[in-house]
Structure formats: structure tokens, C-alpha cells
Amino acid sequence: MGNTCFALVDCNNFYASCEKLFRPDLKYKPVVVLSNNDGCVIARSAEAKALGIKMGVPFFEIKPLVLAHQITLFSSNYALYADMSHRVMQTLEEISAEVEVYSIDEAFIDLSGVKQNFELLSYGQSIQKKIKQEVGLSIGVGIGPTKTLAKLANYAAKAYPKTGGVVDLTDRQRQIKLMKITPVEEVWGVGRQLGKRLAELNIKTAFALACIPTFEIRKRFSVVLERTVRELNGESCLRIESIIPTKKQIVCSRSFGSSVTSLDSLEQAIASHAARAGHKLRQEKQKAKYLSIFITTSRFNPKHPYYNRSQGIQFLHPTDDSRQLIQAAKHGLKSIFRANYFYAKAGVMLTDFTPNHQYQYDLFNTIDTWRNEKLMKTIDEINLKTRHTLFFASEGINEPWQMKRRFLSPQYTTQWNDLLVVKG
DNA sequence: TCTGGGGTCCTAGGACCC
DNA sequence: TCTGGGGTCCTAGGACCC
């Protein structure tokens, strides 16, 4: 203890910044990125934040503001964000061998070795400069002796613009000073529910939480929060995890562009989710033994009755064959479908995985299995090159249930046809 | 009219066993 | 009348994260 040092790097307003990068004309303009289906706000540029647009609010609520201030809207373009994320992470990996990609726009870096040889604040600033130069995005850097404190430092880097986006929180007195003015819900691992329960005990700041004896936390809450408290007090409990763990579940779900009542449409949606899930599963090089599907009506509409059911199906043998997944999903759907409901969303979940290399082929089914795998591989390869031109008949095309993306930006970085044209 | 999607981990409780 | 005490495994649900 005492020698660990971590940095948390995250991209400012990541999705909005990605969109701005390819639209220099929007440099100082408010930009908002909408969730799938253009449902609600999931990213805002600094200018949009300044206009009071909150994270997560439904799009229709901000429509007046959008018109009044000429806010530019974007439907989420995950292909673009994933590619930009990749560039950021690669640049970070040039700096350090110990990088943990924590989310699409965040990474932890192990600075334990750096600590002896560099002044940490200027080291953080140099990372910031490098990302700006090589990728074009602004980042915040928080540095601390534990991951939780690095996160807290990153929070401070955002909350206090005077820091220039880099905060070194290795000093205990600085930690205490910051924790005393930080609401407890800003602590990594404390969400809404815990925040409420802690408030009832009059624990309202990060510092108040750090002062509770660990046995007390364990008794009243959980081992998870106990670890958080230890980390706030400088005891490092979480390491850098640079090896990406294999997935334990795969979920593919979408809200519909408009509500759906027929079994036919639900079948198409479910089939296309099952096919996507199968694709992801093959990418993971795993097979699944359990599939479950769910359908649900909107929980926001009090005029229509609420209905929400799921159904699981166990396979005899683990599979990654989309046709088998689709068949099982459709079968499951039939058992939970009820007519006369306005369905808003459907999804498919795969669990209970076996890695491909561990899977024992069925003795009497080897040839078939081999042929099926070959087919799936071919489909995946073609879809990779042509952006989903091959699909299963049961998926349907251009159906009303498919999602709305009215403000989609071009695929600047991933499709040749959409490459940015620089006019001379 | 219009409210995202995809993950992980922990815990409590039931079934079952000796 | 008397009414154990652990274990393990599984699942559903709840909390968190982005």
C-alpha cells in the first residue's frame, strides 16, 4: 500500500465531440447527440450544457430549446464513436503498457512506475496534449493512489475548469479538502439508491462516507461499498485489468420506431435481434446454451395496459448458429405473445457460454456442425465488408418497428463512401 | 405523437443434501 | 412434548457502471 498510482482518462462530451470533429463549422455551436430511436439526450457539447440541456431527458422535451438556439442534433453513430475510441486507446497504449479500457470513452492507466520519475501533474498534461494533437479530442485526467480516488480527481478536473482538466490527487490533504465539498453521489460506486440511504444516515459528502468505519459499512451495506470506503482512504483494492474478459452475457434489444401490435412484426424484430446476438457471440468465439427473449409495452403510457414478459429456452447443445437462435427465439415469442397490446420494445439475451475451443462436438453431428459454422463465418465476413447486406428472411426490411435515426451523421471513418471531402 | 442500450457483480432466498 | 445445523448450487432481483 502507498505506492500505487492510477490515472483515469476520459474524453469530454465524447459523442458530441466526435461529431464536432468532422464538422468544423459547428466548433462553438451547441450540439446534442440522441439515443437510439432519437429517444433522449445522451451527449451534449459544452454549449448545449450551458443552455441547460440535461442528460437523459426525452428529445420531445427539448424541442423548443433546439429551435430557439439552433442546436444541431445527431442520431447516435456508434460505428464512428467506436472508431474514435479505438484511436484514443491506441494512443494511450503508446504511452503506457498498463492500460485498462474501462468504457468507450474512459481508460485507467497504471502510473505506479511513473510516480518516481515524473512530476505527475505535468505528466497528465502531456497525455492531454498528445491526445489533442493526435486524435483531436479533449480529455480530462484524474490522478490518485487508488482507482476510486483517480475517478474523484477526474470529477474535479471537470467540475473545476481552473484545473485545466488535469488533477493530481496524490496528496492526502488535497483528497480530504476535495472530499469535503464533493456530494457522496459523485463517488464511483455510489448511485441514486445508495445515495438516498446514505443521506438518511446524514452521510452527504464523500468525506463523510470515508469516515465511516469499514465494519459498519459492511454490516449495513455490502462488501462493494466497503471497498469503496477503503479506496477513498487510500487503500488500493482494485487493480488495472488490461486483459479484456470474455463476455458472460450478450443482450440485443431495441425500442421500436413506432409501437407494434402484430405477432408478425414482433417476430421480425426478435429474429433480427437473435441474428445480431449470434454475430456478437461468434465474434466472442463462444457458444451459448441458454437464450431468453422479452417483449414489453411502454411503461410511460398510462393509457395503455402494461405488459412485460420474458421466456427462456435451453439448448440441448451450446450453439452459435443464428438460424438455431432465431428459431428458438421465435418459439419463445409465441409462448408469451398476447394480442391487443401496444409493444414498445423487444430483446434477446444469450447466457451460459462455453468457449469454442472447449466445446465437444456432438459425435453424430460433426459434418453438419462443420457446415453450419462455415456458413455463419461466410455471412459474418460478407456483412463486415458490406455493412449488413446479408440477413435472414425472417428479419424483414424497412419495417415500422425499425429504429428512427433522423439525424445520422455519415460514417466518416468506417465507410469509404462516406469519407470526408476536403474542399480546396 | 415522441422517454436508449448493454454490461457486471452481489445478495437473499429456495431447493436440496447430509 | 419435541421442531438441528450446515453446506452448495441456482436464480431472481437489485444495485452499480458507462
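To find a chain, count down the sequence lines: A is the first, B the second, and so on, and within it residues start at 1. Please read these numbers as outputs of a predicted model, since none were measured by experiment.
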Using a strict 4.0 Å threshold on nitrogen-to-oxygen distance, state whether [X] and [Y] make a salt bridge.
X	Y	result
A/K287	A/D321	no
A/R227	A/E231	no
A/K196	A/E185	no
A/R406	A/D38	yes
A/K20	A/E47	yes
A/K130	A/E94	yes
A/R220	A/E216	yes
A/R87	A/E134	no

Integer-rounded Å distance: [N] [atom2] and [X] [atom1]:
X	N	atom1	atom2	value
A/F294	C/dA12	CZ	P	15 Å
A/I104	B/dG7	CD1	C1'	13 Å
A/Y81	B/dG5	OH	P	15 Å
A/Y102	B/dC9	OH	P	11 Å
A/I244	B/dT8	CD1	P	13 Å
A/L8	C/dC17	CG	P	13 Å
A/L225	B/dC9	CG	P	18 Å
A/K219	B/dT11	NZ	C1'	18 Å

### Message
Under 4.0 Å, counting only non-hydrogen atoms across every strand here, what does A/K280 touch: a base, just sugar-phosphate, or nothing?
### Response
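Sugar-phosphate only.
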### Query
Using a cut-off of 4.0 Å on non-hydrogen atoms, how would the nucleic acid contact of A/K196 be classed: base, sugar-phosphate, or nothing?
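It contacts nothing in the nucleic acid.
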### Message
Just to be sure I follow the notation: if a pair is Watson-Crick (purine N1 to pyrimidine N3 plus N6-O4 or O6-N4) or a G-U wobble (N1-O2 and O6-N3), each under 3.5 Å, what dot-bracket string does DNA chain B give, with | for pairs to another strand?
### Response
....||||||||||||||
### Side-chain N,O (A/R192) to OP1/OP2 (C/dG14) below 4.0 Å
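Negative; the distance criterion is not met.
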### Message
With nearest nucleotide decided by heavy atoms, which residue, A/S222 or A/I250, maps closer to the 5′ end of DNA chain B?
### Response
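Checking each residue's closest nucleotide, the 5'-ward one belongs to A/I250.
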### Task
Indicate, with yes or no, if the rings of A/F407 and A/F74 have centres closer together than 6.0 Å.
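They do not qualify: ring centres at least 6.0 Å apart.
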### Message
Ring centres under 6.0 Å, that's the criterion: do A/F108 and A/W188 meet it?
### Response
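Under 6.0 Å, so yes.
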So if I take every side-chain heavy atom of [X] and compare against [options], which nucleotide ends up nearest?
X	options	result
A/L194	B/dT11, C/dC16, B/dG7	C/dC16
A/V223	C/dC18, B/dT11, B/dT8	B/dT11
A/Q193	C/dC16, C/dC18, B/dC9	C/dC16

### Task
Using the P atoms only, state how far B/dT3 lies from C/dC18, rounded to an integer number of Å.
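Pairwise P distance, C/dC18 against B/dT3, rounds to 25 Å.
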Can you check nucleotides 2-4 of chain B for protein contacts, nitrogen or oxygen pairs under 3.5 Å, and list what you find?
{"residue": "B/dG4", "atom": "O4'", "partner": "A/S35", "partner atom": "OG", "Å": "2.8"}

